[in-house]
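Heads up: the structure comes next, in structure tokens.
The figures that follow rest on heavy atoms only: side chains count, while hydrogens, waters and symmetry mates do not.
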Amino acid sequence: MDLTGLIVGGVALLAASAYGVVHRRRAGRVRAVPATADPVPPLQADLLAELGVPSGQVTLLQFSSAFCAPCRATRVVCAEAARTTPGVAHVEVDAESRLDAVRALDIWKTPTVLIVDAHGRIAGRAQGAPTRAQVLAAVAPLLPAAAELTEEKA
Amino acid sequence: MTDPRGPRFAAAVTTVVMVAVLLTGSGWLALAQAAVFALTAASPRLGPYGLVYRTLVAPRLGKPAELEPLAPVRFAQAVGFVFAAVATLGYLLGSPLAGAIAASFALAAAFLNAVFGLCLGCELFLAYRRLTGRPLAARVPAS
């Protein structure tokens with residue numbers, strides 16, 4: 001019996017268990033990004049437009065990578081939310097091919113979903129696969145604003 | 001594309017093997033696991049644990065609900081190989097502490113995959129690319 005191995009391995013298993021539990025609890029939770037009075041920085045607006053985020057809609061901007069099993073589950077949930085909820089769009093970006101955007105928008109893991117409101121402000125972000133309920137709850141408070149903006153344009 | 005339960009089964013076997021490595025301090029067992037990682041990374045179809053899963057376990061289970069791409073599996077196995085190789089060198093070259101630390105990283109990663117379905121290498125991959133990768137150069141007109 002190797003005592004060093006027993007201790008080091010035991011510590012590793014405890015640390016991994018703690019990480020796994022915390023990770024599972026946090027996965028998919030949408031954190032609200034505090035609102036500021038400042039307008040959206042023009043550089044960020046340009047970047048979001050370039051990534052394909054439509055203006056005037058609430059957008060689920062999903063960052064994915066090939067090495068990512070939960071990205072597929074996230075895609076299904078977000079695409080479904082966009083399909084069934086008027087005024088909601090889903091845009092998926094390959095994180096590896098857009099490392100500039102990944103750095104600028106402070107993305108560290110895939111999947112990360114940014115919730116962009118109709119004015120182009122990032123209102124929330126979720127790491128890990130969210131559930132349908134989590135996505136709809138995050139999007140719902142933003143939708144009246146989306147409707148107003150569309151009316152203004154019309 | 002592969003049945004995602006296969007790599008998870010392999011991670012469970014790897015967890016048991018790495019626990020055995022840590023308890024015995026055997027560099028040769030670590031070397032055997034390193035060889036398994038290398039073979040599976042090079043060709044997932046030939047991975048010994050995957051073969052056991054397909055011949056003995058899969059026939060007793062239902063069809064998989066979804067399939068997963070092989071690229072993440074190969075990446076994870078390559079990361080596992082690096083840790084198992086360092087552990088082998090540590091144990092065989094007379095530094096059991098270095099061996100145990102490297103083996104523990106492989107154990108933690110395999111354990112997270114087996115128990116939580118969480119791929120640690122995949123989690124860290126984007127952070128790694130962010131810190132090391134240059135943004136792709138934009139295409140510009142030739143003239």
Hey, any chance Phe83(B) and Leu93(B) share a hydrophobic cluster, counting ILVMFWY side chains that come within less than 4.5 Å of each other, even indirectly? no

Checking Leu112(B) against chain A: side chain, backbone, both or neither under 4.5 Å from a heavy atom? side chain

Can you tell if the side chain of Thr4(A) reaches within under 4.5 Å of the side chain of Pro96(B), non-hydrogen atoms only? no

Taking atom OH as the centre, does Tyr49(B) end up with more than 12 heavy-atom neighbours from other residues, nucleotides or ligands that are less than 6.0 angstrom away? yes

Per-residue tally against chain B (heavy atom, under 4.5 Å) across Leu6(A), Ile107(A), Leu3(A) peaks at Ile107(A)

Would a single hydrophobic cluster contain both Leu99(A) and Val53(A), if residues Ile, Leu, Val, Met, Phe, Trp and Tyr are joined by side-chain heavy-atom contacts under 4.5 Å? yes

With a 4.5 angstrom heavy-atom cut-off, which part of Leu118(B) approaches chain A: side chain, backbone, both or neither? side chain

Can you hop from Val8(A) to Leu92(B) via hydrophobic side chains spaced under 4.5 Å? no

Output, in order, the C-alpha distance, side-chain angles, deciding distance and verdict of side chain to side chain contact (heavy atoms under 4.5 Å, CB included) for Ser65(A) and Leu126(B). CA-CA 8 Å; Ser65(A) 59; Leu126(B) 184 63; 5.6 Å; no

Please report the shortest heavy-atom distance between Ala16(A) and Phe116(B), naming the atom on each side. O-CE1, 4.4 Å

Ile7(A) side, atom CD1; Leu22(B) side, atom CG - distance, nearest 0.5 Å: 11.5 Å

Which atoms of Val115(B) approach chain A - backbone, side chain, both or neither, heavy atom under 4.5 Å: backbone

So does Leu43(A) have more than 12 non-hydrogen atoms from other groups sitting under 6.0 Å from CG? no

Assigning hydrophobic clusters by single linkage (Ile, Leu, Val, Met, Phe, Trp, Tyr; side-chain heavy-atom cutoff under 4.5 Å), is Leu39(B) placed with Val82(B)? no

Which bit of Val11(A) comes within less than 4.5 Å of chain B, counting heavy atoms only: side chain, backbone, both or neither? neither

In one Ile/Leu/Val/Met/Phe/Trp/Tyr side-chain cluster, 4.5 Å: Met18(B), Leu120(B): yes

Over all heavy atoms of both residues, which pair between Arg130(B) and Arg103(A) is shortest? Give the atoms and the distance, please. O-NH2, 2.7 Å

